[in-house]
Amino acid sequence: MNEKTLKIWLGLYITFSTLFMAIDALLEFEFDWVIKAIPLFLLMYLCQVSLKGSIRVFMLLALLFSVSGDILLSLDGLFIPGLGAFLIAQIIYTCIFLSAFKLSIKGVYWAIFIITYMLTCSVFILPNSGDFTLAVTAYMIAISLMAISAGFRNDPYFLFVGFGALVFMSSDTLIAINKFVVPFNAAPLSIMFTYYAAQLIICLGIVRHYNLSNGKS
């Protein structure tokens, strides 16, 4: 994807992301999940044209399970299936990140930070999650492993993907706080803003690393 096409693609991503957040905040629209899913399909297009081989397959799978989770969470009574879809996406992201694994001190510091963050969140979330405690615990472990693995990438710009993973965690933390701890008015906007930003940052980071590894600009 050349620079001009990338700018057009990014403009579309921002437009549809903003459109869904506006609709979600202002309107009751039964099929709003259709618009909600468009940014993820745009990310799938980016990965399709920018990556090759197994990394492309795994990124497409991670995004496919993510968009499945998006749709399921938008429908009544499908929280657990939606959480399950995202759990699979997190496992796939973890496998992708571990494929470029390199043990490092900075990765250890990053892991300590992520573990501290998640343990702190669990103190507030798990006691209030009721019948969902087991599922939420499993998901928290999965997304923590995803974020930790991002910190051990053999990538000179690993913090780009790592930051995306951290923003992903913050988005899911907001979902849990809003659902289990205390609902707040800004939840829908803050959840989707951080979610769309996280997926974008991760995908751009993976594409950038792939290009660097293959001698592309």
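Atoms CG and CG, on Leu204 and Leu43 in that order, are 8.0 Å from each other to the nearest 0.5 Å. A distance of 10.5 Å separates CG of Asn211 from NE2 of His209, quoted to the nearest 0.5 Å. To the nearest 0.5 Å, atom CG of residue Asp24 and atom OG of residue Ser74 are 8.0 Å apart. The distance from the CG atom of Leu61 to the OG atom of Ser68 is 10.5 Å, given to the nearest 0.5 Å. Rounding to the nearest 0.5 angstrom, the gap separating the OH atom in Tyr196 from the OG1 atom in Thr18 is 9.5 Å. To the nearest 0.5 Å, atom CG of residue Leu189 and atom OG1 of residue Thr194 are 9.0 Å apart.
Checked against ring pair (Phe, Tyr, Trp, His ring centres under 6.0 Å), Tyr13 has the following partners two or more places apart in sequence or in another chain: Trp9.
Residue-environment remark: NZ (Lys102) stays at or below the threshold of 12 foreign heavy atoms within 6.0 Å. Heavy-atom neighbours of Phe163 CZ from other residues, nucleotides or ligands within 6.0 Å: at or below the threshold of 12. The number of heavy-atom neighbours closer than 6.0 Å to OH of Tyr45, taken from other residues, nucleotides and ligands shown, is 12 or below. Residue-environment remark: CG (Asp76) stays at or below the threshold of 12 foreign heavy atoms within 6.0 Å. No more than 12 heavy atoms of other residues, nucleotides or ligands sit less than 6.0 Å from atom CZ of Phe16. A 6.0 Å sphere centred on CZ of Phe193 holds no more than 12 heavy atoms belonging to other residues, nucleotides or ligands.
Closest non-hydrogen pair, Thr94 versus Ala142, comes out as OG1-O, 4.2 Å. In this structure, Ala150 and Gly162 approach most closely via the heavy-atom pair CB-CA, 3.9 Å. When all heavy atoms are compared, the tightest approach of Ala62 to Ile92 is CB-CG2, 3.8 Å. Heavy atoms only, all atoms of each residue included: Leu46 and Leu6 are closest at CD1-CD1, 4.2 Å. Contact between Gln199 and Leu40 at its shortest, heavy atoms only, is NE2-CD1, 3.9 Å. Scanning both residues, Gln48 and Arg56, for their nearest heavy atoms gives O-NH1, 2.9 Å.
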side-chain contact (heavy atoms from CB on, under 4.5 Å) between Met59 and Tyr93: does it pass, once the steps are laid out? CA-CA 7 Å; Met59 282 299 296; Tyr93 273 134; 3.9 Å; yes
How far apart are the C-alpha atoms of Ser17 and Met192, what are their side-chain angles, what is the distance that settles it, and do they pass the side-chain contact (heavy atoms from CB on, under 4.5 Å) test? CA-CA 8 Å; Ser17 299; Met192 291 312 301; over 6 Å; no
Determine, step by step, whether Asp172 and Gln90 satisfy the side-chain contact (heavy atoms from CB on, under 4.5 Å) criterion, reporting the C-alpha distance in whole Å, the side-chain angles of both residues, the deciding distance to 0.1 Å, and the verdict. CA-CA 12 Å; Asp172 286 343; Gln90 302 304 347; 4.1 Å; yes
Please test Phe97 against Ile202 for side-chain contact (heavy atoms from CB on, under 4.5 Å), starting from the C-alpha separation and ending with a verdict. CA-CA 10 Å; Phe97 299 160; Ile202 290 173; 4.0 Å; yes
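A side-chain donor-acceptor contact under 3.5 Å links Ser170 to the backbone of Val167. Remark: the backbone N or O of Leu119 is paired with a side-chain donor or acceptor of Ser122 at under 3.5 angstrom. A distance-only check finds no donor-acceptor pair linking the side chain of Ser50 to the backbone of Cys47 [under 3.5 Å]. A distance-only check finds a donor-acceptor pair linking the side chain of Asn214 to the backbone of Tyr210 [under 3.5 Å]. When atom types are taken as modelled, the side chain of Trp33 and the backbone of Leu73 share no donor-acceptor pair closer than 3.5 angstrom. The closest donor-acceptor contact from the side chain of Ser104 to the backbone of Gly107 lies under 3.5 Å.
In terms of hydrophobic clustering, with Ile, Leu, Val, Met, Phe, Trp and Tyr side chains grouped at heavy-atom distances under 4.5 Å, Phe101 and Ile112 are assigned to a common cluster. Grouping the Ile, Leu, Val, Met, Phe, Trp and Tyr side chains by contacts below 4.5 angstrom, directly or via other members, places Phe41 with Ile35. Leu145 and Leu166 fall into different hydrophobic clusters, defined by Ile, Leu, Val, Met, Phe, Trp and Tyr side-chain heavy atoms under 4.5 Å apart, directly or through other members. Val123 is not connected to Tyr139 by any chain of hydrophobic side-chain contacts under 4.5 Å among Ile, Leu, Val, Met, Phe, Trp and Tyr, and they are in different clusters. Residues Val67 and Phe31 share a single hydrophobic cluster, defined by chaining ILVMFWY side chains whose heavy atoms lie under 4.5 Å apart.
Applying the under-4.5 Å side-chain rule to Ile, Leu, Val, Met, Phe, Trp and Tyr, the cluster around Leu134 consists of that residue alone.
Side-chain atoms of Leu83 and Phe132, non-hydrogen and from C-beta on, never get closer than 4.5 Å to each other. Between Phe160 and Arg208, every side-chain heavy-atom pair lies at or beyond the 4.5 Å cut-off. Ile143 is listed as a side-chain neighbour of Met118, based on a closest heavy-atom distance under 4.5 Å. At a threshold of 4.5 Å between non-hydrogen side-chain atoms, the residues Val161 and Arg153 count as touching. Side-chain contact between Leu78 and Ile71 is absent, with no heavy atoms from C-beta onward closer than 4.5 Å.
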Atom pairs and distances, side-chain donor-acceptor, residues 174-182, under 3.5 Å, sequence neighbours left out:
from   : atom 1 : to     : atom 2 : distance (Å)
Asn178 : OD1    : Phe184 : N      : 3.0

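Aromatic rings of Phe86 and Phe65 (six-membered ring for Trp) have centroids beyond the 6.0 Å cut-off, not under it.
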